[in-house]
Amino acid sequence: MQELEEGRAQCPHCGRELAGRNPAGSLPAGTVLAGRYTVGDIKSVDGEGILYRGVENTGPFRVTIKEYMPLTLAAERGKDCILRPKPGSEVLFKTTRMDFADLYRFIQRITPANGLEAVLDVFEENNTVYAVMENPGGCPLQKWLEEHGTVTPQQACAMLEPVFRGVEAMHQVGLVHRGICPANIRILDNGRARLTGYATVGLRTAGSGLHEQLYEGYSAPEQYSTAEFEGRYTDEYSLAAVFYRMVCGVSPVPAAQRLVSDSNPKARTVSSAVPPYVSETLYLGLRLKPVERIQTVQQLFRALSEREYAEELARSLAPRTSPAPQETRAPAKAELLSVRNLLAGILILLSVLIVLILWGLLSRQNDARPAPSASEPDSVSEAASEPVNENIILTPDLVGRDYDAEVRNNRSYINDYLFYVTLEYSNTVEKGRIIRQTPEAGEVIQKGDTISLVVSRGPQMMEMPDIIGQTQDSAVQELAAKGLNATCFTVVNDGSEAAGCVVSASEDAGTMVEVGTTVVLYIAGDAAASASGSTETPPDTEGPAVGGDAVQDGIEYDTD
């Protein structure tokens, strides 16, 4: 990645040819972006884009360049390097591109931070977005552990402390990483860790429309379903899993497998050298249900570092966790609520007793002082009735409110409540509004407790419209209006069909189709061009190709 003499076709150090280094569909090595960054070889490709090695030319210094290029939404680019979306994917391409730009611009504002890979620049070019990041050096934690083996909990805390602080900084501005794993943590020469691997929510959630990238053993259970929301507790799960790998030598059982049958052993069962308080903290950090899990990375790091705090945190979380199968007792949630209600009753009783005592004292002193005014007993009563424990509050009424607009980013709730949200189809409640909540409005809870919300996904089923004979654009728009996705393929036209119109679809008109379903539309090709052609076959979106043609059984197919 050093400057070359003009006209040189080979690297003077290794002799490799400079032309054709990157595959078709990606940016050629040597491409200059924004007038100051030179693109090098491809480092990696995921469902969201391509990561290139690069150089900042004015420095010069090495950088990494992330290009937004979703494999499932982007068509093959030409020699002009302009990226174009696939037909029918224009809207989703544009919205996810905006999400990509917003993510990296947010991270740019909070970096450089000690534990986060710094984002240096974000700009738009070639109908896409580029994020330029520092090249932190070091080696991936995964490789480091293979060479050095396990570490003690104290060593793991020292190495990961910058990462915990970096993730905390992301959470303070409303960002969730969702991809914390040994492959995305680099160990620098000084032994400290740096977190990399930023991505949008679509890449790190199964079924989002992008070719998702999840990490077995480290991705949280809620990332395997679009029906559940993700939050700070999602990153907490991943950090606990990384710590588990560092002290135990093996990664936790993948969350998707645990959801079927939870057989993940406690850390102390795997390695007897792990202290009991660390083992119990990791157990609470890896709980499948977010409501039963340690909620923040600050709590997790402190519990892994301090035995006394870990024991206190375990006691506070005990009522949230499910009792063992052999135990016969009331559910933890009901038990917790009954204790809180009892406490509230005691406080009220004490307030009444204090009022009576004060009233008696005032009555005895009637001869020595004037009778109190009408307002004085009320003020005494109000003062005596103030809650003794300021951490006890009442649950707000959230049913019927818009979750995104009124609850999710409501700053007045940040210090008092944590929200665990699931989605549910509803034919009666508008999409995005809260159907029900637990605890119910008015119940006594403590500050920091979790309120479970069920948010409407809108109607589950939609009648498939009759789009046969419509133009491709008209059919795609009508499906989108009903919450259905469309993907289009051109078929041979013998002249009996109108070119560019829908010949058939994967779903019959009038049938009930689940909202969010992708409907395949078969579009009649140009009769003259199709006379000697063959039917186009839908591409295999699981393949690693960036774009181009694929050959199967001697027949060439366009994979774009």
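As a basis for the values below, the full set of heavy atoms in this structure was taken, side chains included, without hydrogen atoms, waters or symmetry mates.
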Applying ring-ring contact (aromatic ring centres under 6.0 Å, His included), run through F100 and Y104 and close with a yes or a no. CA-CA 7 Å; F100 181 93; Y104 281 92; 4.7 Å; yes

Start with the C-alpha gap between N264 and Y283, add the side-chain angles, then the distance that decides, and say whether side chain to side chain contact (heavy atoms under 4.5 Å, CB included) holds. CA-CA 9 Å; N264 189 63; Y283 169 75; over 6 Å; no

Applying side chain to side chain contact (heavy atoms under 4.5 Å, CB included), run through T64 and E117 and close with a yes or a no. CA-CA 10 Å; T64 55; E117 179 185 35; 3.7 Å; yes

Begin from the C-alpha positions of T150 and V247 and carry the test side chain to side chain contact (heavy atoms under 4.5 Å, CB included) through to its verdict. CA-CA 5 Å; T150 60; V247 299; 6.0 Å; no

CA sep, side-chain torsions, deciding dist, call: V242, I185, side chain to side chain contact (heavy atoms under 4.5 Å, CB included): CA-CA 10 Å; V242 170; I185 296 176; 4.1 Å; yes

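With hydrogens and angles disregarded, a donor-acceptor distance shorter than 3.5 Å links the side chain of E90 to the backbone of G88. A donor-acceptor pair is defined here as one N or O able to donate and one able to accept, closer than 3.5 Å; no such pair exists between the side chain of T31 and the backbone of L27. Under a 3.5 Å cut-off, the side chain of Q437 and the backbone N or O of L398 do form a donor-acceptor pair. The closest donor-acceptor contact from the side chain of R178 to the backbone of V176 lies under 3.5 Å. Looking only at distances, no side-chain donor or acceptor of S271 sits under 3.5 Å from a matching main-chain atom of R268. D102 places no side-chain N or O within 3.5 Å of a backbone atom of D99 that could act as its donor or acceptor partner. A donor-acceptor pair under 3.5 Å links the side-chain atoms of N127 to the main chain of L83, judged by distance alone. Judged by distance alone, with hydrogens and angles left aside, the side-chain atoms of E406 form a donor-acceptor pair with the main-chain N or O of D402 at under 3.5 Å.
With no hydrogens or angles considered, no side-chain donor-acceptor pair links Y52 and N22 at under 3.5 Å. N126 and R77 share no side-chain donor-acceptor pair at under 3.5 Å. In this structure, a donor-acceptor pair under 3.5 Å is absent between the side chains of E48 and Y68. Under 3.5 Å, the side chains of E56 and T58 contain a donor-acceptor pair of N or O atoms. Counting only N and O atoms by type, the side chains of E67 and Y130 include a donor and acceptor under 3.5 Å apart. Looking only at atom types and distance, the side chain of T38 has a donor-acceptor partner in the side chain of N57 under 3.5 Å away.
More than 12 non-hydrogen atoms from other residues, nucleotides or ligands lie less than 6.0 angstrom from OH of Y425.
For the side-chain contact (heavy atoms from CB on, under 4.5 Å) with M133, the qualifying choice from L51, I65, T111 is L51, the only one to do so. Residue V454 forms a side-chain contact (heavy atoms from CB on, under 4.5 Å) with just one option from V421, I435, L423, I434, and that option is I435. Under the salt bridge (charged side-chain N to carboxylate O under 4.0 Å, His left out) rule, E424 has a single partner from R457, R436, K431, which is R436. Partner of R287 under the salt bridge (charged side-chain N to carboxylate O under 4.0 Å, His left out) criterion, chosen from E280, E222, E292, E236: E292.
To the nearest 0.5 Å, atoms OG (S452) and OH (Y420) are separated by 7.0 Å. With values rounded to the nearest 0.5 angstrom, S263 atom OG is found 5.5 Å from Q257 atom CD. Atom NE2 of H177 sits about 5.5 Å away from atom CG of N184, to the nearest 0.5 Å. Rounded to the nearest 0.5 Å, atoms CZ (R186) and CZ (R194) are 10.5 Å apart. The line from CE of M170 to CZ of R165 is 15.5 Å long, rounded to the nearest 0.5 Å. Interatomic distance, E125 CD to I82 CD1, rounded to the nearest 0.5 Å: 8.0 Å.
Residues meeting the ring-ring contact (aromatic ring centres under 6.0 Å, His included) test with Y277, sequence neighbours left out: none. Listed by chain and number, the residues in a side-chain contact (heavy atoms from CB on, under 4.5 Å) with A303 are T281, Y309, A310, L313 (sequence neighbours excluded).
Under the 4.5 Å side-chain criterion, counting only non-hydrogen atoms from C-beta, L214 is in contact with Y224. In this structure, the side chains of L453 and Y403 come closer than 4.5 Å at one or more pairs of heavy atoms. Side-chain atoms of V63 and V55, non-hydrogen and from C-beta on, never get closer than 4.5 Å to each other. In this structure, I187 and M159 have side chains that are in contact, with non-hydrogen atoms separated by less than 4.5 Å. For the pair F61/L120, a side-chain contact is recorded, criterion being any heavy-atom separation below 4.5 Å from C-beta on. Inter-residue side-chain proximity for I107 and L175 is flagged as met; some heavy-atom pair is nearer than 4.5 Å. Within the 4.5 Å cutoff, no side-chain heavy atoms of Y237 are placed close to those of I180. Put simply, the side chain of T438 does not reach to within 4.5 Å of the side chain of I451, judged on heavy atoms.
Between E311 and R307, at least one side-chain nitrogen of the basic residue sits less than 4.0 Å from a carboxylate oxygen of the acidic one, meeting the salt-bridge criterion. A salt bridge is absent between E312 and R302: the closest approach of a Lys/Arg side-chain nitrogen to an acidic carboxylate oxygen does not fall below 4.0 angstrom. In summary, D46 and K66 engage in a salt bridge, as defined by a charged side-chain N under 4.0 Å from a carboxylate O.
Taking the six-membered ring where the residue is Trp, Y417 and Y413 present perpendicular rings, their angle passing 60° and hence far from 30°. The aromatic rings of F301 and F164 lie tilted to each other, with the angle between the two planes from 30° to 60°.
Taking every heavy atom of both residues into account, S456 and S426 meet most closely at OG-CB, 3.6 Å. When all heavy atoms of V122 and A101 are compared, the closest pair comes out as CG1-O, 4.3 Å. Closest heavy-atom contact between A220 and R293: CB-NH1, 4.2 Å. Residues P153 and V278 approach most closely at CB-CG2, 4.1 Å, considering heavy atoms. In this structure, L92 and T95 approach most closely via the heavy-atom pair O-OG1, 3.0 Å. The two residues C81 and P28 make their nearest non-hydrogen contact at SG-CD, 4.2 Å.
Relative to the six-membered ring of F106, R109 meets both conditions, a distance below 6.0 Å and an angle of at most 45° to the axis.
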